[in-house]
Amino acid sequence: MRVELVRAWAGRFETVTVELAEGACVADALSKAGWALDQTWVALAVYGMAAEPTTPLRDGDRVELLRPLQCDPKQARRRRAQARRVVRG
């Protein structure tokens, strides 16, 4: 089966497609691609849904390596809303 792995930084991304045996899991795909979780990549997802290294894969899946959040999304939204209020007066 074919599985795509994706990791992204600000302004660029990298993708690798690997061939795996049926019954392979996320850890198998990472190993085949030579990628690993570390301080830069702290979590995994398959098509945006949280995954673990033991998550089984299917043909055509996309495994995403995720970076830590740089700020709390709720706080960022509050700051944007506050900035719009100031501009509108």
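- A chain of hydrophobic side-chain contacts below 4.5 Å, direct or via other Ile, Leu, Val, Met, Phe, Trp or Tyr residues, connects Tyr47 to Leu30.
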(message) One pair to check against side chain to side chain contact (heavy atoms under 4.5 Å, CB included): Val46 and Leu44. What are the steps and the verdict?
(response) CA-CA 7 Å; Val46 175; Leu44 298 162; over 6 Å; no

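- Here Arg58 contributes atom CZ and Met1 contributes atom CE; the two are 10.0 Å apart, rounded to the nearest 0.5 Å.
- Counted within 6.0 Å of CZ on Phe13, heavy atoms from surrounding residues, nucleotides or ligands total 12 or fewer; the atom is thus considered open.
- Listed here is the closest heavy atom pair of Cys25 and Pro53: SG-O, 3.4 Å.
- Taking OG1 of Thr17 as the start and CG of Leu5 as the end, the distance is 8.0 Å to the nearest 0.5 Å.
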(request) Start with the C-alpha gap between Arg67 and Trp41, add the side-chain angles, then the distance that decides, and say whether side chain to side chain contact (heavy atoms under 4.5 Å, CB included) holds. (result) CA-CA 5 Å; Arg67 296 180 301 151; Trp41 312 104; 3.2 Å; yes

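- Under 3.5 Å, the side chains of Gln82 and Arg79 contain no donor-acceptor pair of N or O atoms.
- When all heavy atoms of Ala36 and Leu65 are compared, the closest pair comes out as O-CD2, 4.1 Å.
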(message) Walk me through whether Val3 and Val63 qualify under side chain to side chain contact (heavy atoms under 4.5 Å, CB included).
(response) CA-CA 7 Å; Val3 174; Val63 177; 3.8 Å; yes

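- Annotation: side chain of Leu20 is in contact with side chain of Leu57 (closest heavy-atom distance under 4.5 Å).
- Following chains of ILVMFWY side-chain contacts shorter than 4.5 Å, one cannot reach Leu37 starting from Leu66, and the two form parts of different hydrophobic clusters.
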(message) With salt bridge (charged side-chain N to carboxylate O under 4.0 Å, His left out) as the criterion, how do Glu4 and Arg62 come out once you've worked through the C-alpha distance, each side chain's angles and the decisive distance to 0.1 Å?
(response) CA-CA 5 Å; Glu4 181 181 28; Arg62 183 184 68 222; 5.3 Å; no

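- Side-chain atoms of Asp59 come within 3.5 Å of backbone atoms of Arg2 as a donor-acceptor pair (strictly under, hydrogens ignored).
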